[in-house]
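Sequential numbering from 1 along the given sequence is applied to the chain's residues.
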Amino acid sequence: MRLQTERQTDRLYRGTSEMEEKGKNGDQKEGVIDTWKKKHHQLWVGATRHPLILSISDGTIHLPAFKRWLGQDYIFVRALVPFVASLIVKAWKESDDSSDVEIILRGMAALSDELEWFKKQANKWGVHLSEMLVPSRPNQEYCRFLESLMGPEVEYTVAVTAYWAIEAVYQESFALCLEEGTRTPPELMDTCQRWGNEAFGKYCSSLKAIAERRFKKTSDEEVIKKAEVVFLRVLEHEIEFWNMSRGDPQHQ
Ligand SMILES: Cc1ncc(CNC=O)c(N)n1
């Protein structure tokens with residue numbers, strides 16, 4: 001069963017080998033993003049090695065926390081769809097490389113599959129995804145932040161950096177839970193596979209390569225500064241989102 005999920009997800013994210021080469025090249029030499037990851041190491045680790053993720057990987061996760069995360073994340077992913085749609089519009093209008101639209105479109109297609117996956121998971125765990133489900137404050141704030149990035153005044157370079165960061169945090173977080181020697185509960189493996197799988201890792205690399213290519217081409221330092229701020233905001237929102245799922249009372 002798990003193998004099937006893996007293959008499905010793999011297929012969703014797999015691009016042409018040309019796209020994947022671009023992804024690999026993005027990893028080769030240190031770019032702007034790797035510099036930021038080092039410069040803001042604490043925040044990066046805070047978002048990608050959060051206690052909630054560590055509790056999955058060591059098997060001590062509490063089921064209510066997982067269920068809270070599941071319901072809230074479904075709300076978030078629904079809000080991610082119009083953001084990615086706005087990014088496609090920006091790529092189409094502003095990008096110098098026509099493969100960008102196709103790369104982002106694959107992410108969009110994967111979100112459609114993902115919403116179905118959430119419904120199945122909700123069923124499995126007895127989580128109700130109806131209108132009854134109230135978005136938590138950190139979730140509302142994160143969704144509002146996404147909305148602020150959808151306007152035409154936000155540059156493609158800035159928005160694609162945000163998209164990369166949103167996806168990369170989940171990829172790195174859940175990939176940790178799949179590492180050898182971890183004690184991830186078997187019933188949570190499909191969740192960890194969803195974002196931790198290698199094909200999704202490559203997909204994130206191709207988004208990173210787009211951002212890096214844009215940084216190289218721009219002569220506007222302000223845009224790079226704005227992208228860095230957006231990168232930091234994503235990390236902060238991700239940390240608050242994990243905190244909320246964990247059930248920290250001040251984050252409800
Ligand atoms: C809060 C949050 N951040 C990132 C992701 C990953 N993107 C799409 O699924 C997610 N599902 N939820």
Do you know which two heavy atoms are closest between [X] and [Y], and how far apart they sit?
X	Y	value
Phe83	Ala159	CZ-O, 3.5 Å
Cys204	Gln171	SG-CB, 3.8 Å
Ala47	Ser173	O-OG, 3.5 Å
Leu133	Gly71	CD2-O, 3.2 Å
Met244	Pro138	CB-CG, 3.7 Å

Verify the neighbour count for atom CH2 of Trp125: are there more than 12 heavy atoms of other residues, nucleotides or ligands below 6.0 Å? yes
Taking atom CD as the centre, does Glu180 end up with more than 12 heavy-atom neighbours from other residues, nucleotides or ligands that are less than 6.0 angstrom away? no
[X] and [Y] ion-paired at < 4.0 Å:
X	Y	result
Glu141	Arg144	no
Lys119	Glu116	yes
Lys39	Glu228	yes
Asp190	Lys124	yes
Arg194	Asp113	yes
Arg233	Glu238	no
Arg213	Asp100	yes
Lys90	Glu155	no

Hey, mind stepping through Phe76 and Asp73 against side-chain contact (heavy atoms from CB on, under 4.5 Å) and telling me if it holds? CA-CA 5 Å; Phe76 177 80; Asp73 212 43; 4.1 Å; yes
Applying the side chain to side chain contact (heavy atoms under 4.5 Å, CB included) criterion to Leu115, which one of Leu80, Leu129, Val77 satisfies it?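 So the option named by the test is Val77.
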Full working for side-chain hydrogen bond (donor to acceptor under 3.5 Å, both in side chains) between Ser95 and Asp97: CA-CA 5 Å; Ser95 183; Asp97 188 331; 5.8 Å; no
Measuring only between side-chain heavy atoms, which start at C-beta, is Ile33 closer than 4.5 Å to Phe215?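 A side-chain contact under 4.5 Å exists here.
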With hydrophobic residues grouped by side-chain heavy-atom distances under 4.5 Å, do Val127 and Val134 end up in a single group?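 No; Val134 is not reachable from Val127 via cluster members.
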Is Val154 linked to Val234 within one hydrophobic cluster, defined over Ile, Leu, Val, Met, Phe, Trp and Tyr using a side-chain heavy-atom separation of less than 4.5 Å?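 Both belong to a single hydrophobic cluster.
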After noting the C-alpha distance and the side-chain angles of Leu232 and Trp44, does the key distance pass the side-chain contact (heavy atoms from CB on, under 4.5 Å) rule? CA-CA 9 Å; Leu232 295 177; Trp44 179 256; over 6 Å; no
Give the intermediate values and the outcome of side-chain contact (heavy atoms from CB on, under 4.5 Å) for residues Ile53 and Thr48. CA-CA 8 Å; Ile53 278 296; Thr48 57; over 6 Å; no
Could you go through the salt bridge (Lys or Arg N to Asp or Glu O under 4.0 Å) check for Lys38 and Glu30 one step at a time? CA-CA 11 Å; Lys38 280 188 190 153; Glu30 176 146 324; 2.8 Å; yes
What orientation do [X] and [Y] show, parallel under 30°, tilted 30 to 60°, or perpendicular over 60°?
X	Y	result
Phe118	Trp69	tilted
Tyr163	Tyr203	perpendicular
Trp195	Tyr170	perpendicular

Walk me through whether Lys208 and Glu167 qualify under salt bridge (Lys or Arg N to Asp or Glu O under 4.0 Å). CA-CA 10 Å; Lys208 189 181 179 195; Glu167 300 297 40; over 6 Å; no
Start with the C-alpha distance between Ser245 and Leu52, add both sets of side-chain angles, then the distance that settles side-chain contact (heavy atoms from CB on, under 4.5 Å), and finish with yes or no. CA-CA 8 Å; Ser245 305; Leu52 184 86; 4.0 Å; yes
